[in-house]
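Before any comments, here is the structure.
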There are 2 protein chains.
Amino acid sequence: MGYTISQVAKKFDLTAHTIRYYDKEGLLPFVDRSKTGNREFTDDDLDWIKLICCLKNTGMPIKQIKQYIEWCLLGDKTLEIRRQMFIDHRKEVLKQMEDLKENLKTIDHKLKCYAKSCNISPNTRQVHSL
Amino acid sequence: MGYTISQVAKKFDLTAHTIRYYDKEGLLPFVDRSKTGNREFTDDDLDWIKLICCLKNTGMPIKQIKQYIEWCLLGDKTLEIRRQMFIDHRKEVLKQMEDLKENLKTIDHKLKCYAKSCNISPNTRQVHSL
DNA sequence: ATAAACCTTAGAGTCTACTCTAAGTCAAGC
DNA sequence: GCTTGACTTAGAGTAGACTCTAAGGTTTAT
């Protein structure tokens, strides 16, 4: 059977427009069509889209994801370079997590300040700088 | 004394262009000028810019950061709403961290697959799907 | 058989966040 | 006094990722 574009869209919280855009950009060369020309997604296709969303949501540009898909199409001779891509990308994800942690500290510090400012009686409130 | 725009740019890994853009967008209403019209940044200004970068780097749009700066300019009567903004934004940062963790799992799984594919002898390599 | 609800395409438009250009001012060093 | 290298502005241009429109095809329900 398979899934229609809007079923897939719903599943991944995308729009059908976005999926067609990804297809146009070369991210979905594996998706087959029905006799009438409609895209028909298989469960395997969903796995591919899940991976594409993972890469996209961790900041990889569409062009680089496309590059990866192209490497996949070239078969085993690109295994090593694909693996290296994931090693590199993993590093970037770890960096993002570190950065988020640092920024969370700043936000928590700010929240402490606001907790103070908001709890003391109005007439003794400090004037916030800026 | 204070800092020039390019000194600040270097400090925050931005360009002078970007800082002027932020100023134009209303993010830096507090920055003073020298007699000749050049921006002169104080240490307090750097703290503000650090916070702005924190918000920006955790995905807050420029417009919302501008809104926050405007609330700051309005003084104590906006303390509660500003605090609420940080509470809401903190939640979003935690969500981002959760999402990153999930995506890291997917990447690590993929890396395991590639470790296998890349280590077995060439003539027995599985053909990767797609 | 006709309307509703899907799907298709090419291509134009939008939004965000820069990024750059052109033309000009000012201060310091040779 | 003139060049170099800061800085200034307004405004145009760009990149990335959608987002939408127009025109049309197919399937299903009444």
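The sequence lines fix the lettering, A, B, ..., with proteins before strands; numbering per chain opens at 1.
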Query raised in the report: Can we say A:Glu98 and A:Lys95 salt-bridge, meaning some charged N sits less than 4.0 Å from an Asp/Glu carboxylate O?
Result: no

**Report entry** Nearest-nucleotide comparison on DNA chain C, the residue closer to the 5′ end among A:Lys24 and A:Asn38
**Finding:** A:Asn38

Requested in this report: For C:dC18, take OP1 and OP2 only and decide whether either is under 4.0 Å from a side-chain N or O of B:Thr15.
Outcome: no

Report task. Look only at the side chain of B:Gln64 and the backbone of B:Pro61, and say whether a donor-acceptor pair between them is shorter than 3.5 Å. Result -> no

**Report entry** Distance, rounded to the nearest Å, where B:Gln64 contributes CD and C:dC15 contributes P
**Finding:** 18 Å

Report summary line: Comparing B:Lys63 with B:Thr36, nearest DNA chain C nucleotide closer to 5' gives the residue B:Lys63

Query raised in the report: Whole Å only: how far is the CD1 atom of A:Ile5 from the C1' atom of C:dA5?
Result: 15 Å

Query - Distance in angstrom units between A:Ile19 CD1 and D:dC18 C1', rounded - result: 13 Å

Requested in this report: Would you mind classifying the nucleic acid contact of A:Thr4 as base, sugar-phosphate or nothing, using non-hydrogen atoms under 4.0 angstrom?
Outcome: sugar-phosphate

Query - Value in whole Å for how far the P atom of D:dG16 lies from NZ of A:Lys66 - result: 13 Å

Query raised in the report: Can you find a side chain N or O atom of A:Tyr22 that sits less than 4.0 Å from OP1 or OP2 on D:dC18?
Result: yes

Query raised in the report: Can you tell which of D:dT8, D:dC7, C:dT9 lies closest to the side chain of B:Arg33?
Result: D:dT8

Query raised in the report: Going by heavy atoms in the side chains, are A:Leu27 and A:Lys56 under 4.5 Å from each other?
Result: no

Query raised in the report: How close or far is atom C1' of C:dT19 from atom CD of B:Glu25, stated in whole angstroms?
Result: 13 Å

**Report entry** A:Asp23 side chain to A:Arg20 backbone, donor-acceptor under 3.5 Å
**Finding:** no

